[in-house]
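Notes follow the structure.
Heavy atoms only: backbone and side chains are in, while hydrogens, waters and symmetry mates are out.
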Amino acid sequence: MLKDLSISTIIAGLMAVLVSYSGPLAIFFQAAQNAGISVEMMTSWVWAISIGAAVTGIALSLWFKIPVITAWSAPGTVLLVTLFPELSINEAVAAYITAAVIIFLIGITGLFDKVVQIIPKGVAAAMMAGILFDFGLGAFRALDSVPLVTSVMIFGFVLFKFLSRAYFLVLMVVLGVVLSVTALDANLSQLEWRLASPMLIMPAWSWSSTLGLALPLVIVSLTGQFLPGFTILKASGYSFASRPIVSMLSLVSIPTAFFGGITTVIAAITASICTSPDAHENPDKRYWAGVANGVFYLIGGILAGSIVLFFTSFPGEMIAIIAGLALLGAISNSLTAALEDKTHLDASLITFMATASGVSIFGIGSAFWGVVLGSAVYVLQGVLRARQARLEEAVSQR
């Protein structure tokens, strides 16, 4: 196995972690700020999500001998932003555990493909777009308070993405650091090496957190993370069984949830970095990129205190800008998928608008109601079309 190790796979694994810590982690800090949690608990969150990704990435990559890149659920994290501060930390942890158990049952029974097919593609994509939409707007709302900095970040986003679609998020963070120090008077002098200090968080189950967070988290994890993540692996020529991967990731998600870690899933954003020829010209040796990815997550988890200090040194506007711009690609992909099925366009639009509205009914968040309304319209449209087809057939036979 050591003969398969190369510098290129190590660099690919490192870059995948840096991209995760640049974009999706900025989203995580936005959620933490909305919840008003302490720096100590924030450190526990980062430790939990990093350790979850580290353990699963190393184990699965060595097991299957393919680059299995894992991470935390980015759209699930955005969902948290819409629910805090009304949702308590304890309720969020309970929802993580519930979602992990449901995903485990789906994985261990081999029902992954069937469950994904049951969920209307347009409705699932529209819910994802609705969850991400308001969060993405945060980047442009910053134009009101820091117009020049926001404009530079937007143009930087376009330029960096043109130069490198794989590493543009890292370049965005570098630009963000420069602008924060030079234009927003950020103080980075407090940065120091600080180890993680995990905090145990006891779960508190409630119907509102189960329906408003756990169930939507299952849907976005299956359709927004596992499905595209598996697609990337298959497109790269790798064969694998989804059952053990889904099962292991959900099992690991249960203990990490007690320390604030949201569901561990297959990475969709960074997977392409470690599965491409840039990682290694030989596809059979790219699994070391997945192992390296896990090792660097392990280091990040151990140094979670330093990572939190780094992000808390950023002005709130810069975090919002980086996180919002990082989601533009996901918003675009979700909207494209949602509007692709023209026969059920109304169902997709209703799901999107209901989810993006941010309404809360009976204490249950808008993502749940978006799926309920969209699915109901989807079924109704199917019934109406079937009835119309029967009428037209009856008329033609007369």
Gap between atom [atom2] of [Y] and atom [atom1] of [X] - 0.5 Å precision:
X: I37; Y: T43; atom1: CD1; atom2: OG1; value: 8.5 Å
X: I266; Y: T56; atom1: CD1; atom2: OG1; value: 7.5 Å
X: Y287; Y: N282; atom1: OH; atom2: CG; value: 10.0 Å
X: S348; Y: M353; atom1: OG; atom2: CE; value: 13.0 Å
X: I350; Y: W369; atom1: CD1; atom2: CH2; value: 15.5 Å
X: Q225; Y: T70; atom1: CD; atom2: OG1; value: 10.5 Å

Any link between [X] and [Y] through a network of hydrophobic side chains (Ile, Leu, Val, Met, Phe, Trp, Tyr) touching at under 4.5 Å?
X: I307; Y: I302; value: yes
X: V371; Y: V377; value: no
X: L62; Y: L60; value: yes
X: V359; Y: W207; value: no

Side-chain contact, heavy-atom cut-off 4.5 Å: [X] with [Y]?
X: L373; Y: T351; value: no
X: T264; Y: W72; value: no
X: T223; Y: M127; value: no
X: L143; Y: S151; value: yes
X: V177; Y: F310; value: yes
X: I245; Y: L249; value: yes
X: L325; Y: F160; value: no
X: L213; Y: L87; value: yes

Query raised in the report: Taking atom CZ of F133 as the centre, does the number of heavy atoms from other residues, nucleotides or ligands within less than 6.0 Å exceed 12?
Result: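 No - once you tally the heavy atoms of other residues, nucleotides and ligands closer than 6.0 Å, there are 12 at most.
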Report task. Assess whether atom CG of L384 is packed by more than 12 heavy atoms of other residues, nucleotides or ligands within 6.0 Å. Result ->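 Enclosed.
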Is the side chain of [X] donor-acceptor paired with the backbone N or O of [Y] at a distance under 3.5 Å, no angle test?
X: S306; Y: E192; value: yes
X: N90; Y: M202; value: yes
X: R194; Y: V308; value: no
X: T256; Y: S253; value: yes
X: S73; Y: S221; value: no
X: E91; Y: S88; value: yes
X: S332; Y: L328; value: no

**Report entry** Sequence neighbours excluded, every pair satisfying salt bridge (charged side-chain N to carboxylate O under 4.0 Å, His left out) that has a member inside residues 326-350
**Finding:**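 The answer is K121-E340.
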Minimum heavy-atom separation for [X] and [Y], please, with both atom names.
X: A139; Y: G324; answer: CB-CA, 3.9 Å
X: L233; Y: T275; answer: CD2-CG2, 3.9 Å
X: V246; Y: G107; answer: CG1-CA, 3.7 Å
X: S366; Y: S357; answer: CB-OG, 4.3 Å
X: T263; Y: Y96; answer: OG1-O, 4.4 Å

Report task. Sequence neighbours left out, what passes salt bridge (Lys or Arg N to Asp or Glu O under 4.0 Å) with E281? Give chain and number order. Result ->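 None.
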Report task. Taking the six-membered ring for Trp and the full ring for Phe, Tyr or His, determine whether the centres of F168 and F157 are under 6.0 Å apart. Result ->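 Ring centres of F157 and F168 closer than 6.0 Å.
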**Report entry** Ring centroid separation F230 to F240 under 6.0 Å
**Finding:**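 Yes, they do, as the ring centres are separated by less than 6.0 Å.
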Query raised in the report: What orientation do F259 and W47 show, parallel under 30°, tilted 30 to 60°, or perpendicular over 60°?
Result: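 Geometry flag for W47 against F259: perpendicular rings.
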